[in-house]
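Report on the following structure.
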Amino acid sequence: MNKIKTGWDFVRSRLFYIMLCSMLLTQVISKIALGYMDTDSYFILAEGRDILENGIKYTNSFTVVDGLDIVVQQWLWCVLIYCIYSVLGNLGLILVCIVKTVIIAVLLILLGRLKKVDPFSLLILVSVFLYLFSEFISTRPNAITIILLLLQLLILEKCKCSSSKYAGILIPLSMMGIMLLEINIHASMWIFHFLFLLPYIFPPIKNFAANFKKRRYNYVPFLVSFIPMTGTLFVNPYGVDGILYLFRAYGNELNSIGIAELQRVELTSLTGAMLVISLLFYIGAYMVRKKPIAAETFYLFFGTFILGCMCYRNYYYACIGFFMLLCDFLKGKDHSTIHDFINKQTKPVIFIAACGLAFCVWYAVDTGAHQEIDWEGEPIKAAEYLDNNASSDATVYTEFNNGAYMEWRGYKVYIDARPELFMKKINGKEDILSEFLGVYYDLDLQMYRNFVSKYGFDYYLVEEASLMDAYLQCDENCELVVDGEGYRMYEYNKS
């Protein structure tokens, strides 16, 4: 074995990369342990509980506004998560995130091995991309969409290389199964499965940016898959409304709220850096060298790159496209089996990752995992006050960040972290979202009086130093009952 004499020798050594992969995986594990819960987790749990108790819901039962239609686009995921939580508590939620992480890792490994990427290079790739994906591994269903898209690519890549006569049947059937899961677990993401299928159908078109390899597979089974995939979309409790949710759930109003995942990508962020690096890599590795590339890899990379540039939530699509590009670049003639992936170089990293996962489980058992801290998104003190002093049918004015938690605690609210449900084109009755934005950003005295008179809330749970907070402080009918971390709650005297 060559001795490491200088710092540069160390950077070039495999030991350095083993340590790097270990640190990245440790970061992934710590993110799961500490950040698997967010404010959205509470409406997922609340919806799961409500569906199990009352069946599939078509009317929003959490809001004080009667008769609002609802599409619970993650209904199946909500039920599954609540069932796990009701049996295992927070430990179960952590285990769900761990299982999702392991499945993503396995799918990345299988995709890399299908491209014959050598085990050590693949270890580095998997570690880096698991770190990039870790932002989306929580109790929300985003990671399920990542899993289903990776599974789709694995099947497509496997079938395009297969000479089996059954491949023409397997592709449409498997695409149909994947779509059936997506439309019921995360309905707003179904269109991306069609987009990820298009690169395998679209013909190679000569252009300055690519030197295409000759396409050697039959694209007809891929094209035929569109038919069963489209038909499967209707197999959901909401029918056409479940399909159209994707198109109805967006509007200019959402930009006003400042939802982080819908914001444009900034070049100075990790997401922006990854996009820039991926584009520079393609230019240097393929355009300058005129390296041949499969048309489907080219289309997938640039298609997902464009998606990634549109908003932060599309970041993981760009990661998938970049991963497939790197696998194509590193494609070799390594014929070792998947079992050979576990060798003397990868064992230390796998051991460290396993220890980290064990620590994750221990942490959950020892501390109860998610430690609730009183803040605007989890107003624990406010909920405890209501439990002890309010009637069971008390109504609470809530804002974007705290509505889901109060729903989970069993109270009727004004709005929650799903703004699209409060848009008229989805609820079919009233544009509550626009009303909320007016109250939040442009509240004046007359608007305040009209709003209070219209709803007659028993309690007002507001962000500290907001316009609503200022008017409530000056209202002699209001009494401050909870002064929490970043929020206040007032009781309104209607007499």
Side-chain angles (χ1 to χ4, degrees), residues 17-18 20-29 31-32 96-138 141-161 174 178 192-193 196 199-200 270-271 274 277-278 281 294 296-297 300-301 304-305 307-308 314-332 334 336-343 345-354 356-357:
Y17 292 102
I18 289 173
L20 176 64
C21 294
S22 301
M23 287 188 291
L24 287 173
L25 291 176
T26 301
Q27 284 293 312
V28 171
I29 293 162
K31 283 187 177 184
I32 292 174
V96 166
C97 293
I98 290 174
V99 169
K100 288 192 290 187
T101 304
V102 171
I103 293 174
I104 290 173
V106 169
L107 289 171
L108 291 175
I109 291 169
L110 291 174
L111 278 166
R113 296 305 298 137
L114 194 62
K115 295 284 190 179
K116 296 183 174 59
V117 178
D118 71 274
F120 190 75
S121 298
L122 186 55
L123 170 68
I124 297 171
L125 282 185
V126 171
S127 300
V128 170
F129 280 89
L130 272 183
Y131 177 78
L132 295 175
F133 286 136
S134 63
E135 292 291 330
F136 301 94
I137 299 176
S138 67
N142 301 68
I144 298 297
T145 296
I146 294 174
I147 288 171
L148 292 176
L149 287 171
L150 290 174
L151 179 61
Q152 176 174 325
L153 289 176
L154 180 63
I155 293 170
L156 295 177
E157 288 290 329
K158 187 74 174 176
C159 289
K160 82 172 189 180
C161 302
S174 57
I178 288 171
F192 293 100
H193 292 279
F196 272 56
Y200 293 84
L270 175 63
T271 306
M274 192 279 295
I277 290 170
S278 66
F281 175 84
E296 55 273 16
T297 304
L300 182 66
F301 170 70
T304 55
F305 177 84
L307 286 173
N314 293 343
Y315 164 52
Y316 56 79
Y317 305 127
C319 288
I320 293 174
F322 190 27
F323 178 83
M324 296 300 291
L325 180 73
L326 288 170
C327 285
D328 182 85
F329 178 77
L330 296 170
K331 186 175 182 179
D334 191 306
S336 57
T337 66
I338 192 64
H339 300 289
D340 297 326
F341 180 77
I342 304 175
N343 55 35
Q345 275 108 26
T346 60
K347 277 182 179 178
V349 180
I350 294 173
F351 174 75
I352 291 171
L357 292 177

Where is the tightest heavy-atom contact between [X] and [Y], given as atom of each residue plus distance?
{"X": "Cys319", "Y": "Phe133", "result": "CB-CE2, 3.6 Å"}
{"X": "Ile146", "Y": "Ile104", "result": "CG2-CD1, 4.0 Å"}
{"X": "Cys327", "Y": "Gly112", "result": "SG-CA, 3.9 Å"}
{"X": "Ile109", "Y": "Leu122", "result": "O-CD2, 3.5 Å"}
{"X": "Leu148", "Y": "His193", "result": "CB-CE1, 3.7 Å"}

Margin query: Ser121: which residues meet the side-chain contact (heavy atoms from CB on, under 4.5 Å) condition with it, sequence neighbours left out?
Written below: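 By the side-chain contact (heavy atoms from CB on, under 4.5 Å) rule, Ser121 matches Val117, Asp118, Leu330.
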
Hey, what do you get for [atom1] ([X]) to [atom2] ([Y]), rounding to the nearest 0.5 Å?
{"X": "Phe322", "Y": "Phe301", "atom1": "CZ", "atom2": "CZ", "answer": "6.5 Å"}
{"X": "Ile144", "Y": "Phe136", "atom1": "CD1", "atom2": "CZ", "answer": "14.5 Å"}
{"X": "Leu107", "Y": "Ile320", "atom1": "CG", "atom2": "CD1", "answer": "10.0 Å"}
{"X": "Phe323", "Y": "Asp328", "atom1": "CZ", "atom2": "CG", "answer": "12.0 Å"}
{"X": "Ile137", "Y": "Thr101", "atom1": "CD1", "atom2": "OG1", "answer": "3.5 Å"}
{"X": "Leu156", "Y": "Tyr200", "atom1": "CG", "atom2": "OH", "answer": "5.5 Å"}

Minimum side-chain heavy-atom gap Phe196-Leu300 below 4.5 Å
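In short, these two side chains touch, coming nearer than 4.5 Å.
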
| task | Evaluate the side-chain proximity of Met274 to Tyr315: yes if any heavy-atom separation is below 4.5 Å, no if none is. | result |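 A side-chain contact under 4.5 Å exists here.
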
Backbone N/O of [Y] and side chain of [X]: donor-acceptor pair under 3.5 Å:
{"X": "Gln152", "Y": "Ile178", "result": "no"}
{"X": "Lys100", "Y": "Ser138", "result": "yes"}
{"X": "Asn314", "Y": "Gly308", "result": "no"}

### Query
Taking it one step at a time, do Lys115 and Thr297 satisfy side-chain contact (heavy atoms from CB on, under 4.5 Å)?
CA-CA 12 Å; Lys115 295 284 190 179; Thr297 304; 4.2 Å; yes

Please identify each residue that fulfils ring-ring contact (aromatic ring centres under 6.0 Å, His included) with Phe329, with sequence neighbours left out.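 ring-ring contact (aromatic ring centres under 6.0 Å, His included) check on Phe329 returns Phe281.
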
field: side chain to side chain donor-acceptor pair (under 3.5 Å) against Lys160, all qualifying residues, sequence neighbours excluded
entry: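 Once residues adjacent in sequence are excluded, the partners of Lys160 under the side chain to side chain donor-acceptor pair (under 3.5 Å) criterion are Glu157, Glu296.
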
